[in-house]
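Please read through the structure below; I'll follow up with questions.
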Amino acid sequence: LYSKIIQQSIAFFTSNPTGRLMSAITSDTEKIQSAVSNVSADFLKQSFTLVGLLAGIFYLDWRLALVSMVPVPFVVFPSANLGRYIRKSSRSSQDRMADINNLVQETFTGIGIVKAFVTEHFEVARFKAATHKLLHTNMRWVRAQAATPPLMDLLTMVTVSGLLLYERNAILHHAQTLGEFLGFVYA
């Protein structure tokens with residue numbers, strides 16, 4: 001990442017303030033480190049678990065397994081959209097933080113000029129405006145993060161309710177025993 005940035009033209013550095021570049025490098029490096037160490041291991045473990053559980057539920061009752069797969073698109077697509085929105089908000093937050101870093105760097109580097117022209121109030125107002133933009137951006141991210149658990153809970157409740165109704169009928173018509181259903185639920 002650093003080598004890609006350092007090889008850019010002077011025009012790139014002119015159009016991208018130092019604070020934004022510093023923020024991008026720091027944030028991207030942290031994200032890469034997290035992804036490599038945590039996400040890769042979890043993904044591999046969860047993949048094997050998912051395959052085993054799917055095999056188990058299809059072995060126990062393939063019809064019930066198919067019925068339980070109906071809500072999957074209703075979970076996957078909203079989750080993917082929320083994920084994209086959260087990534088976009090995260091990138092925007094990173095840009096706002098870079099603006100703040102750049103503003104602070106400019107102000108502190110030119111503090112002599114700020115003092116000479118008595119523009120401290122102007123600089124404070126610029127800083128407040130930049131932090132307000134960061135707060136607004138972060139609140140969008142927080143709202144998206146807060147919406148995820150209730151949405152997943154709602155979809156889980158609808159799915160479980162549907163499965164219970166389906167199974168109630170199957171047990172009443174002696175198509176399946178309660179033990180078989182509990183085995184399916186456990187899997």
Side-chain angles (χ1 to χ4, degrees), residues 1-4 20 22-98 100 131-187:
L1 178 65
Y2 184 76
S3 66
K4 271 196 171 269
R20 178 173 291 145
M22 289 171 48
S23 180
I25 287 173
T26 303
S27 178
D28 289 352
T29 302
E30 289 173 357
K31 288 177 186 174
I32 290 169
Q33 181 182 4
S34 174
V36 169
S37 61
N38 298 333
V39 176
S40 299
D42 285 345
F43 179 74
L44 187 61
K45 183 176 87 172
Q46 297 300 334
S47 296
F48 286 121
T49 302
L50 178 66
V51 168
L53 290 176
L54 285 174
I57 65 172
F58 274 97
Y59 174 76
L60 290 172
D61 186 347
W62 66 270
R63 279 175 270 161
L64 184 58
L66 287 176
V67 169
S68 68
M69 295 295 150
V70 168
V72 168
F74 298 108
V75 172
V76 171
F77 292 124
S79 295
N81 288 337
L82 273 171
R84 276 193 295 278
Y85 183 77
I86 288 170
R87 280 191 300 279
K88 181 181 172 187
S89 293
S90 178
R91 176 61 69 181
S92 184
S93 177
Q94 180 182 337
D95 289 344
R96 297 296 74 77
M97 192 64 208
I100 290 171
T131 56
H132 181 72
K133 284 181 183 177
L134 177 63
L135 175 65
H136 179 69
T137 300
N138 286 344
M139 290 307 295
R140 282 193 336 228
W141 180 83
V142 166
R143 282 192 296 271
Q145 287 286 93
T148 304
L151 177 63
M152 293 303 132
D153 290 346
L154 175 67
L155 290 171
T156 300
M157 288 187 309
V158 169
T159 302
V160 168
S161 299
L163 289 175
L164 288 174
L165 287 172
Y166 174 84
E167 265 313 297
R168 181 188 66 116
N169 290 335
I171 291 171
L172 287 176
H173 293 96
H174 303 292
Q176 190 173 38
T177 67
L178 181 60
E180 290 171 332
F181 173 65
L182 291 176
F184 181 88
V185 169
Y186 184 73

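What you are looking at is a predicted structure, and each value in this text was computed from that prediction instead of being measured. Sequence positions, counted from 1, serve as the residue numbers for this chain.
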Rounded distance (nearest 0.5 Å) linking atom CZ of Arg143 with atom CD1 of Ile86: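 Rounded to the nearest 0.5 Å, the CZ-CD1 separation comes out at 12.5 Å.
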Nearest heavy atoms of Thr159 and Pro71, plus distance in Å: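 Scanning both residues completely, I find the closest heavy atoms to be OG1-CG, 3.1 Å.
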Main-chain N/O of Ser89 paired with Ser92 side-chain donor or acceptor, under 3.5 Å: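 Side chain of Ser92 to backbone of Ser89, a donor-acceptor pair under 3.5 Å: no, none is there.
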Separation of Arg168 CZ from His173 NE2 (nearest 0.5 Å):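 Taking NE2 in His173 and CZ in Arg168, the distance rounds to 9.0 Å.
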Separation of Thr137 OG1 from His132 NE2 (nearest 0.5 Å):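 Here the rounded value is 9.5 Å.
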Leu54 side chain near Met69 side chain, heavy-atom distance below 4.5 Å: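 SC-SC contact between Leu54 and Met69 confirmed.
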Inter-residue atom distance Leu44.CG - Thr49.OG1, 0.5 Å rounding: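 Separation between the atoms: 9.5 Å.
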Side-chain heavy-atom pair Glu180, Leu60 within 4.5 angstrom cut-off: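 No, too far: nothing below the 4.5 Å cut-off.
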Side chain to side chain, Leu151 and Leu82, heavy atoms closer than 4.5 Å: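 Answer yes - side chains close enough.
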Closest non-hydrogen atom pair between Pro73 and Val70, with its separation: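 Closest pair (atom of Pro73, atom of Val70, distance): CD-O, 3.1 Å.
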Non-hydrogen atoms of Ala146 and Pro149 that approach each other most closely: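 Nearest pair, atom of Ala146 first, then Pro149: O-CD, 3.6 Å.
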Leu53 side, atom CG; Phe48 side, atom CZ - distance, nearest 0.5 Å: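 Separation between the atoms: 13.5 Å.
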Leu64 to Leu163 - nearest heavy-atom pair and separation: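 Distance-wise, the nearest heavy atoms are CD1-CD2, 3.5 Å.
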Minimum side-chain heavy-atom gap Glu167-Val67 below 4.5 Å: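 No, side chains not in contact.
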Spacing of Leu155 atom CG and Met157 atom CE [to the nearest 0.5 Å]: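 Taking CG in Leu155 and CE in Met157, the distance rounds to 9.0 Å.
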